[in-house]
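So you know, we letter chains A, B, ... as the sequences are listed, proteins then strands, and number each from 1.
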2 protein chains.
Amino acid sequence: MGIDQNTPAALPNKGETGMEQHKVFVAVDIALFTIREGTFQVLMIKRGIPPFLDFWALPGGLIRMDIGPRGETPEEAALRELKEETGLTAGFGHLEQLGTYGDPHRDPREERAISIAYVGIGPELSDPSGGSDASLASFLPVVEVEEESIGQLAFDHYLIVKDAIARARAKLEYTTLATKFCSPAFTISELRAVYETIWGTSLDPGNFQKKVLAADGFLEDTGEKAESSATGGRPAKLYRAGAASSISPPIRRN
Amino acid sequence: MGIDQNTPAALPNKGETGMEQHKVFVAVDIALFTIREGTFQVLMIKRGIPPFLDFWALPGGLIRMDIGPRGETPEEAALRELKEETGLTAGFGHLEQLGTYGDPHRDPREERAISIAYVGIGPELSDPSGGSDASLASFLPVVEVEEESIGQLAFDHYLIVKDAIARARAKLEYTTLATKFCSPAFTISELRAVYETIWGTSLDPGNFQKKVLAADGFLEDTGEKAESSATGGRPAKLYRAGAASSISPPIRRN
DNA sequence: TTTGTTATTGTAATAATTACTATATCATAA
DNA sequence: TTATGATATAGTAATTATTACAATAACAAA
């Protein structure tokens, strides 16, 4: 909406008073998920500055207004902060807005600050490294983060990361999100492992196979086969993600 | 996110320079849906001030920082602006965040402004009236708004309202949202009419009945019966909304 | 009492899902 | 070369869910 729908007239120029009282800090945060070592993990940093010094937090920071003629987009800010704080860059397949967190007390400092949160998803990613304002960056198992008491995470990041986890789990059912956790070519078993790992359930291999193959646009046959594993067994066909973004009927959680 | 995750140290005090360059205007907008005269409608205002003077827009405005010790929440701002611009207050059953729109060019004025958009839903509401900054407030049929060319709506409100419509349509399937369009006690036919109106489809009455009654927590029998209608027929039982917020299996769109 | 109308229940045909079995295809060990 | 073990993939019968449609219930009004 517009700046002045609740003000008598047009906006005064930048730097003048009056309207400045309406401005707030706008940050972005990103919950980047992947599967590592067979477990569902989320990227977090250990804060190197106050407030919440040494607390775990999601990567993020303020949107910059000095990039481009009118500042950067929130998505650009999320990717920039991710890179600055963890060293991770692109190479992941999905970024979507989760929601905006605007409680007036979410930041203990004097100034009001809201945050636009994002969910990112990628296949096994390179190792993160600490960066600006972060003494450490690391993938943490989601189950451990969920068990944390709320006070162990900076700001309202416990709330954000819980929402992000719920979003990821829910979207597996009715979208092709699971393929974003996989490398460009993957087997149906690998895809099933994504579901099983994130949901914490086990799925019938035969029925799963039929379901995902029946879902139009979910998988595309590459014509290749996976190398046979060390443990033996018939080599699986390799697929790539198809064009569909939603699947019906959904893959259900048993 | 914290204010300073991308800055060297703690935040300077209010009014000092340096950090001010990061602040932006934060607005809220609300797409309030209802069913009137058998059609799916959305509340819009005609702008009484530039920019986009005389364009249709969603009700909304800037978050105020001078309400309460730390300013109002985004939800509070949405309800306040709704009341100021349209006269409508409470009496509607559902408010949820849609998403935040932050394109640097979404507002043509010099200052950067983002908007947190909300979706509201209510049963047939009292008539809106124009208010501050709005020369007119009116419920418009959703099908007409969808047909508008993008340039007929202020700012990026065409984009927002399209997302809001899609959200409402999608959530009918797997949530109990439809009951929010109904008065406190309603018949299954009224509920079915909500689906049919919003989806623009027709549903089998018998099968619909069985589905919604089978969905645990969707409907609660009041023990009452509706008055028999002018057109005759067996009087329907009256239900109220149950405690469930999601339904499975979903109600499908045929 | 009959007719019209809508609500609600019932039912048979069809479709989808599940649990389970069978077969295919590979590596490796006998 | 031939078993054996392992995993992928295909098949199948029982079950369950869904659909299309018919039947009945409950009212108003002619």
Quiz item: When we call it a touch if two heavy atoms are under 4.0 Å apart, what does B:Lys210 touch: a base, just sugar-phosphate, or nothing?
Solution: base
Self-check item: Out of C:dT9, C:dA7, C:dT8, whichever nucleotide has its closest atom nearest the side chain of B:Pro205
Solution: C:dT8
Exercise. Rounded to the nearest angstrom, tell me the gap between atom CG in B:Asn207 and atom C1' in C:dA13.
Key: 13 Å
Quiz prompt | d(NZ, B:Lys225; C1', D:dA28) in whole Å | solution = 14 Å
Self-check item: Nucleotide D:dA8, atom C1' - distance to CZ of A:Phe186 in whole Å
Solution: 16 Å
Self-check item: Separation of C:dT8 C1' from B:Leu191 CG (nearest whole Å)
Solution: 15 Å
Practice problem: Name the closest nucleotide to the A:Asp204 side chain, picking from C:dT17, C:dC20, C:dA7. | Solution: C:dC20
Exercise. Look at all strands and tell whether B:Thr187 reaches a base, only sugar-phosphate, or nothing, counting heavy atoms closer than 4.0 Å.
Key: nothing
Self-check item: Separation of atom CD in A:Glu227 from atom C1' in C:dA27, rounded to whole Å
Solution: 13 Å
Quiz item: Can A:Glu84 and A:Arg80 be counted as an ion pair, charged N to O under 4.0 angstrom?
Solution: yes
Quiz prompt | side-chain N/O A:Thr231 vs D:dA6 OP1/OP2, d < 4.0 Å | solution = no
Quiz item: Would you say A:Lys171 has more than 12 foreign heavy atoms packed within less than 6.0 Å of its NZ?
Solution: yes
Quiz item: Taking the inter-plane angle between the rings of A:Tyr195 and A:Trp199 on a 0 to 90° scale, is it parallel (under 30°), tilted (30 to 60°) or perpendicular (over 60°)?
Solution: perpendicular
Self-check item: Expected output: side-chain B:Gln152 to main-chain B:Trp56 donor-acceptor under 3.5 Å
Solution: no
Practice problem: Send over the distance from B:Lys237 NZ to D:dA25 C1', rounded to a whole Å. | Solution: 12 Å
Exercise. Can you figure out which of C:dT6, D:dA26, D:dT9 approaches the side chain of B:Pro235 most closely?
Key: D:dA26
Exercise. Verify the distance criterion only: is there a donor paired with an acceptor across the side chains of B:Tyr101 and B:Asp29 at less than 3.5 Å?
Key: no
Quiz prompt | Whole-Å gap separating P (C:dG10) and CZ (B:Phe208) | solution = 19 Å
Practice problem: Round to a whole Å and report the spacing from CD1 of B:Ile247 to P of D:dT18. | Solution: 12 Å
Quiz item: Closest nucleotide of DNA chain D for A:Arg234 versus for A:Gly206: which of these residues is on the 5' side?
Solution: A:Arg234
